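Computed from a prediction, not measured in an experiment: that's the story for all the values here. The sequence lines fix the lettering, A, B, ..., with proteins before strands; numbering per chain opens at 1.
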Protein chains: 2
Amino acid sequence: MRIGELADAVGVSTQAVRYYEREQLMPAPTRGGNGYRAYDDQDVARVGFIRTAQSAGLTLVQIRSILDLRDRGVIPCDHVSDLIDDRLAEVRHRMAELAALEQELVQLRDRSERLNPADCSDGDICHIIASQPQPAISE
Amino acid sequence: MRIGELADAVGVSTQAVRYYEREQLMPAPTRGGNGYRAYDDQDVARVGFIRTAQSAGLTLVQIRSILDLRDRGVIPCDHVSDLIDDRLAEVRHRMAELAALEQELVQLRDRSERLNPADCSDGDICHIIASQPQPAISE
DNA sequence: CTAGACCTTCTACCCGACTTCAAGGTCAAG
DNA sequence: CTTGACCTTGAAGTCGGGTAGAAGGTCTAG
């Protein structure tokens, strides 16, 4: 199987597959006489695993750490479990931040409905966004 | 007021202030005889405005568009109102994505508790993350 | 025999909001 | 008169996950 076929099978670009190889998520494949990379079903499964793990929000570095364990013969489940817990905590933290930001934006929108643009002075720049007590920037 | 004093007054770095100048959020300031930038209270307010707007999740490009209106003598309130609405929609969209991701992670965690690592085969890489029906990657 | 659809490598670019580095000039205190 | 805390400029690096382009080799159908 050539790189384009692998890519099509999983639904990624050929450049992405080469990128995974450069980043050592994929092993250096065997080459045909013409220098073309040759892949098999295991490689399809591996790229599929990478994409599934990405869809759970794991980074390529984290995914590589899973693959490295497996390649060294270690069952990676406990590690995967930890990564999932970490990611879940991050997602929840982020959701809380976004909820706070949403509240702030709702307040700003309310303000914009209450205030009259005619009252907006030069020095304020815009009185909707006037220096309020200022939440941290967390983006 | 020199750049360091301005920066301290608002709580940003001097590099950030120069960056805002390069990106045309801040006007080119007058210079002292030594070439040092000289700022006044209006500049403090302007950097403060930038930070407040950033804390509402507006990008520097969006903030510049607000400042540009004000500098051309146009009251920017209507535009600000639109930007706030846009941002609010984005934040809510992102929250929905994260809620979906959270559900997926919770399911993966449940799976990891149900499955026995001893049953995890080489071909799966890790059976917790086995190619499930795959949600799109939206990060 | 040639078009064009593959493949190869390498390098550079993208997003945003800075930070860091390098190499120098200026100024007040002790 | 020196130390060190400020200031100046410009270029380059950071993060992640790729994409884009150039310049070339290979293979297959018509």
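With hydrogens and angles disregarded, no donor-acceptor distance shorter than 3.5 Å links the side chain of B:Ser81 to the backbone of B:Cys77. Judged by distance alone, the side chain of B:Arg64 and the main-chain N or O of B:Thr59 form no donor-acceptor pair under 3.5 Å. Between the side chain of B:Glu5 and the main chain of B:Arg2, a donor-acceptor pair closer than 3.5 Å is present.
First and last contacting nucleotides of DNA chain C toward chain B (any atom under 4.0 angstrom from a heavy atom, 5' to 3' order): C:dA17 to C:dC27.
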### Task
Evaluate the salt bridge (charged side-chain N to carboxylate O under 4.0 Å, His left out) criterion for residues B:Asp119 and B:Arg114: first the C-alpha distance (whole Å), next the side-chain angles of each, then the deciding distance (0.1 Å), finally the verdict.
CA-CA 11 Å; B:Asp119 298 336; B:Arg114 261 187 297 108; over 6 Å; no
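Contact check for A:Asp124 versus B:Phe49: no side-chain heavy atoms found under the 4.5 Å cut-off.
The CD atom of B:Glu102 sits 14.0 Å away from the CD atom of B:Glu97 when rounded to the nearest 0.5 Å. Going from atom CD of B:Glu21 over to atom CG of B:Asp43 covers 10.0 Å, rounded to the nearest 0.5 Å.
Between B:Arg37 and D:dT8 there is a side-chain N or O to OP1 or OP2 distance below 4.0 Å.
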### Task
Heavy atoms under 4.0 Å is the rule here; annotate nucleotides 10-28 of chain D 5' to 3' with B where the base is hit, S where only the sugar-phosphate is, and - elsewhere.
-------BBS-----BBS-
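In the displayed structure, B:Glu90 atom CD is contacted under 6.0 Å by more than 12 heavy atoms of other residues, nucleotides or ligands.
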